[in-house]
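Just so we're on the same page: letters track the sequence lines, and every chain starts at 1.
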Amino acid sequence: MRAHHALRPLHAEWTKLRTLPSTWWLLAALVALTLAVGAAAIAPVAADVCPGGTCDEDTVKLSLTGVWMGQAACLILGVLTMGAEYGTGTIRTTLAATPTRWRVLASKATVLALLTAAGGALAVLASILLADALLPDYAPALRPTLGSVLCLTLVALLGLALATMLRDTSGAITLGLGILYVVPLLVTLIPSPTWQHRLERWAPMPAALSIQSTRHLADLPIAPWPGLGVLAAYAAGLLLLAGVLFRTRDA
Amino acid sequence: MSDATIEVRGLRKRFGRTLAVDGLSFTVEPGTVTGFVGPNGAGKSTTLRALLGLDAPDEGQALIAGRPYHALRTPLLEVGALLDAAALHPARRGRDHLRWLAHSHGLPVRRVDDVLAQVGLESAARRRAGGYSLGMRQRLGIAAALLGDPPILLLDEPVNGLDPEGIQWIRRLLRRLAAEGRAILVSSHLMSELEDTADHLVVIGRGRLIADTSVSELLHAASGDRVRLRTEARTQAMELLAREGGRVAVTDRDTLIVTGLPASRVVELLTEARVPFAEVGAHRATLEEAYMELTRDKAEFTSATETADEVTR
């Protein structure tokens, strides 16, 4: 009975998330974008038949290129989970129903993580199946597969943290897209190789995608698991900061 | 419903440089509808938010059934609140809004359908809230407040946006809920909305208590020893009554309100002087008039504190 009591806010957040059409549109977008970009990335390799299967392409990484695009849908889903509550004013109803604020944030994070993990798994598995059908000597690997799903999940949690801190949907989406897409772009533009290397290692986005690499691991700016760890640290750190602000601020 | 009380004790809340609530204290008893009245910006919503644990007080306490809101294990079963009827996700169906609230307390879906029926919103329940009129939003908000069948209700401007039929409906509903022994606090910036609904009034201005009184006492005090009369010869009557020590006010083309003379004396004077008149009787103040009188008495007080504020800044 006690356990059941503790699960109630979780049940409420699940009902909230699943009764919005935008949730399902964004999950559909996650799968469609991941699959479409993945297909576009492997198409040239599939057409260009490697003689004797000796081509040097990291086909596993290539087949998961779509994750780079699909993460945008995850970010927006994460932002909306909290941003829409501030935008519409329902946050007050939510906090009147569950006055313990960390419990509200933890419930939202749990439900969001489970749903994006499911959607992400679908998107990643579809990409792998497509690559398996199109590429002659394709062998999927566990780490890039699992890592890509975790990456999508962490991006959604990052979105939730940003929206909780900013209490604003458009601001959080702008900032989130900046972190995901503008920072990696800066890496190529910065003239200093030292700073380039630092950003590649410590900015969440180029770092996290190293989890997809299966070849030439020694040449990566950051190793696969530590790379994903960087994104996890950002998501966890910002979620913690968001939790502190959420607890102390007036609603 | 033994401990259905709302208690505000020395509540103080500042937002930046604005002192929204300044040492406010009052209690709402079970079985009554208490009107919470004051102009816009008087601190009503801040007080309600403090009661719901949404805003942390700088000083003092806001208690539900003797406890701060965050100490309530199942808050929706203890207090139902309507703060802002517009606070709905436009893409979510009305019924789904109530369903997530029910799930937050492990309430059965049957309760959702019960309250939807109670507020007369069954036919629109499966539509998205974005298409609701303001009146429908108010009804959904009231349904949400009633979901846990709570002994205490806090309603912020629930009459706003309702049509005359809706206003009648909510008056009857509030009377019935109070008769069941609930403590109900209803805020409004229009005193006339509370006529025939509230038993008790808490009047605030600039975050401070102006009056904490029963409606009947207030009306009695405001009606005073005033006499209302109708006359064709307004000027003549005014001169005569003023000469005899009455204070005379004109309310419309042929109606006068006389203070300081008993009705019998007014009749006597007018008859002697052969001034034509009709309908002499004791004046019964409306709640709106009583409120105006209250706030007029406090006008000097409020402007004085305003100056003091300016100086201390």
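- Counting heavy atoms from C-beta on, the side chains of B/Trp100 and A/Leu17 never come closer than 4.5 Å.
- For chain A, no part of B/Ala81 is nearby; none of its heavy atoms comes within less than 4.5 Å.
- Nearest approach of A/Arg92 to B/Arg49, heavy atoms of both residues: NE-CD, 3.7 Å.
- Looking at A/Thr94, the atoms closer than 4.5 Å to chain B (heavy atoms on both sides) sit in the backbone and in the side chain alike.
- Summarising the geometry, atom CG belonging to B/Leu107 is positioned 7.5 Å from atom CZ belonging to A/Arg8; distances are rounded to the nearest 0.5 Å.
- Using a 4.5 Å heavy-atom cutoff, the side chains of B/Ser104 and A/Pro9 are not in contact.
- A donor and an acceptor atom, one from each side chain of A/Thr19 and B/Arg92, are located under 3.5 Å apart.
- B/Pro90 has its side chain within reach of A/Thr88: a pair of non-hydrogen atoms, C-beta onward, lies under 4.5 Å apart.
- Here the closest heavy-atom approach between residue B/Gly53 and residue A/Arg101 is recorded as O-NH2, 3.3 Å.
- Contacts between B/Ala71 and chain A at a heavy-atom distance below 4.5 Å are absent for every atom of the residue.
- Counting heavy atoms of neighbouring residues, nucleotides and ligands inside a 6.0 Å radius, atom CZ of B/Arg176 exceeds 12 of them.
- Atom-to-atom distance recorded for B/Leu83:CG and A/Thr90:OG1 is 12.5 Å, nearest 0.5 angstrom.
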(message) B/His103 vs A/Thr15, test: side-chain hydrogen bond (donor to acceptor under 3.5 Å, both in side chains). Steps then yes/no.
(response) CA-CA 8 Å; B/His103 290 157; A/Thr15 306; 2.6 Å; yes
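- Closest approach of B/Pro75 to A/Ala97, counting heavy atoms only: CG-O, 3.5 Å.
- Considering only heavy-atom pairs separated by less than 4.5 Å from chain A, the leading option among B/Leu88, B/Leu147, B/Leu52 is B/Leu88.
- Annotation: A/Arg249, atom CZ; neighbour count of heavy atoms from other residues, nucleotides and ligands within 6.0 Å is above 12.
- Atom CG of B/Asp96 is separated from atom CZ of A/Arg18 by 7.0 Å, given to the nearest 0.5 angstrom.
- Counted within 6.0 Å of CH2 on A/Trp25, heavy atoms from surrounding residues, nucleotides or ligands total 12 or fewer; the atom is thus considered open.
- A salt bridge links A/Asp250 to B/Lys13: one of the charged nitrogens lies within less than 4.0 Å of a carboxylate oxygen.
- There is no contact between B/Asp84 and chain A, counting heavy-atom distances below 4.5 Å.
- Not counting sequence neighbours, B/Tyr69 has no partner by the ring-ring contact (aromatic ring centres under 6.0 Å, His included) test.
- For chain B, the option among A/Leu95, A/Leu20, A/Leu10 with the highest count of heavy-atom pairs below 4.5 Å is A/Leu20.
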